Student: 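Structure in structure tokens, see below.
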Amino acid sequence: MNAFERLAEQKILAAIANGEFDNLPGHGRPLNWEDDSAIPASLRLSFKILKNANLLPEEMQIKKDLVALQEQLAGASAAESQRLRRQIRELETRFHLLMERHRRSLNNPASRHE
């Protein structure tokens with residue numbers, strides 16, 4: 001976590017402790033999972049197709065796989081633990097590379113059309 005992320009996390013935790021999020025609109029009501037307004041318009045159709053096909057975007061599947069591996073690691077033998085740690089490192093590396101590619105794509109609009 002970089003310094004900016006740590007600072008943001010500290011401010012969020014302080015706001016929670018001060019009750020600044022207690023009376024927000026929608027507080028206590030379920031989230032609207034169908035709201036796709038935060039998804040860039042160019043990705044909405046793709047995400048809807050993936051959702052309807054019961055598939056996750058690659059980065060979300062990697063996160064799901066990481067959680068499963070972490071759970072396996074908790075009860076693994078020493079030999080198994082080494083193999084699981086290697087798989088976790090590989091998935092984390094793949095995830096970070098994928099996220100970096102997304103960041104570059106967002107910062108360079110011309111690369112989206114290549």
Side-chain angles (χ1 to χ4, degrees):
M1 187 181 297
N2 66 35
F4 179 75
E5 290 169 332
R6 277 192 299 277
L7 178 62
E9 182 72 16
Q10 289 170 356
K11 290 196 176 281
I12 291 168
L13 292 174
I16 291 169
N18 293 332
E20 295 177 34
F21 296 133
D22 290 348
N23 295 315
L24 293 175
H27 178 76
R29 286 184 272 162
L31 294 173
N32 176 6
W33 294 110
E34 300 302 317
D35 178 17
D36 63 359
S37 61
I39 299 171
S42 62
L43 296 176
R44 287 183 191 152
L45 181 59
S46 302
F47 278 31
K48 187 171 188 116
I49 291 169
L50 289 171
K51 181 181 175 195
N52 290 343
N54 248 357
L55 297 172
L56 291 173
E58 185 179 5
E59 58 272 20
M60 296 306 296
Q61 185 62 53
I62 291 171
K63 283 293 200 180
K64 188 175 178 181
D65 293 345
L66 282 168
V67 168
L69 287 172
Q70 292 287 357
E71 289 172 356
Q72 290 176 26
L73 182 61
S77 67
E80 182 71 5
S81 153
Q82 184 177 3
R83 183 185 65 79
L84 290 170
R85 287 182 206 283
R86 187 181 72 252
Q87 283 184 301
I88 289 169
R89 281 192 309 272
E90 289 170 0
L91 275 180
E92 286 173 338
T93 300
R94 197 164 124 208
F95 177 79
H96 291 298
L97 289 170
L98 182 61
M99 297 312 293
E100 181 59 29
R101 188 172 30 170
H102 287 325
R103 273 191 283 286
R104 285 185 183 154
S105 174
L106 289 173
N107 291 332
N108 183 5
S111 71
R112 290 183 219 161
H113 303 291
E114 293 175 355

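As the structure is a computational prediction, the values presented were derived from the model and not from experiment. We number each residue from 1, following the sequence as shown. Values below: all heavy atoms of this structure, side chains included; hydrogens, waters and symmetry mates excluded.
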Student: Take a 6.0 Å sphere around CE of Met60 and say whether it holds more than 12 heavy atoms from other residues, nucleotides or ligands.
Tutor: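 At most 12 heavy atoms, drawn from other residues, nucleotides or ligands, come within 6.0 Å of this atom.
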
Student: Can you tell me if Asn18 uses its side chain to pair, donor with acceptor, with the backbone of Glu20 under 3.5 Å?
Tutor: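 Between the backbone of Glu20 and the side chain of Asn18 there is no qualifying donor-acceptor contact (under 3.5 Å).
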
Student: Please find the pair of heavy atoms, one from Ile16 and one from Phe21, that lie closest to each other, and give the distance.
Tutor: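 Of all heavy-atom pairs spanning Ile16 and Phe21, the closest is CG1-CD1, 3.4 Å.
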
Student: Can Glu59 and Lys63 be counted as an ion pair, charged N to O under 4.0 angstrom?
Tutor: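 Salt bridge flag = no for Lys63 with Glu59.
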
Student: Can you run down the side-chain hydrogen bond (donor to acceptor under 3.5 Å, both in side chains) pairs that involve residues 65-75, sequence neighbours left out, and say none if there aren't any?
Tutor: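 Listed by first then second residue: Gln61-Asp65.
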
Student: With sequence neighbours left out, what residues match Gln10 under side chain to side chain contact (heavy atoms under 4.5 Å, CB included)?
Tutor: Leu7

Student: Inspect the contact between Arg6 and Glu9 and indicate whether a charged nitrogen and a carboxylate oxygen are less than 4.0 angstrom apart.
Tutor: no

Student: Should we say atom CG of Asn23 is surrounded by more than 12 heavy atoms from elsewhere, each under 6.0 Å from it?
Tutor: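 12 or below, so no.
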
Student: Using every non-hydrogen atom in the two residues, find where Leu98 and Ile62 come nearest and quote the distance to one decimal.
Tutor: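 What the structure gives for the nearest pair is CD2-CD1, 4.3 Å.
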
Student: Report whether Leu66 and Met99 are members of the same hydrophobic cluster (ILVMFWY, side-chain heavy atoms less than 4.5 Å apart, transitive linking).
Tutor: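 Linked, Leu66 and Met99 end up in one cluster.
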
Student: Can you list the residues that meet the side chain to side chain contact (heavy atoms under 4.5 Å, CB included) rule with Pro25, with sequence neighbours excluded?
Tutor: none

Student: Name the atoms and distances for all side-chain donor-acceptor pairs under 3.5 Å in residues 45-52, with sequence neighbours left out.
Tutor:
unit_1 : atom_1 : unit_2 : atom_2 : d
Lys51  : NZ     : Glu34  : OE1    : 3.0
Lys51  : NZ     : Glu34  : OE2    : 2.7
Asn52  : ND2    : Lys48  : O      : 3.4

Student: Could you work out, with salt bridge (charged side-chain N to carboxylate O under 4.0 Å, His left out) as the rule, every residue matching Glu58, not counting sequence neighbours?
Tutor: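 Residues passing salt bridge (charged side-chain N to carboxylate O under 4.0 Å, His left out) with Glu58: Arg94.
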
Student: Determine which pairs satisfy side-chain hydrogen bond (donor to acceptor under 3.5 Å, both in side chains) with at least one residue from residues 82-91, sequence neighbours left out, and list them in order.
Tutor: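 Of all non-adjacent pairs touching residues 82-91, those that pass side-chain hydrogen bond (donor to acceptor under 3.5 Å, both in side chains) are Glu80-Arg83, Ser81-Arg85, Arg83-Gln87.
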
Student: How many angstroms lie between atom CG of Leu91 and atom CG of Leu69, to the nearest 0.5 angstrom?
Tutor: 6.0 Å

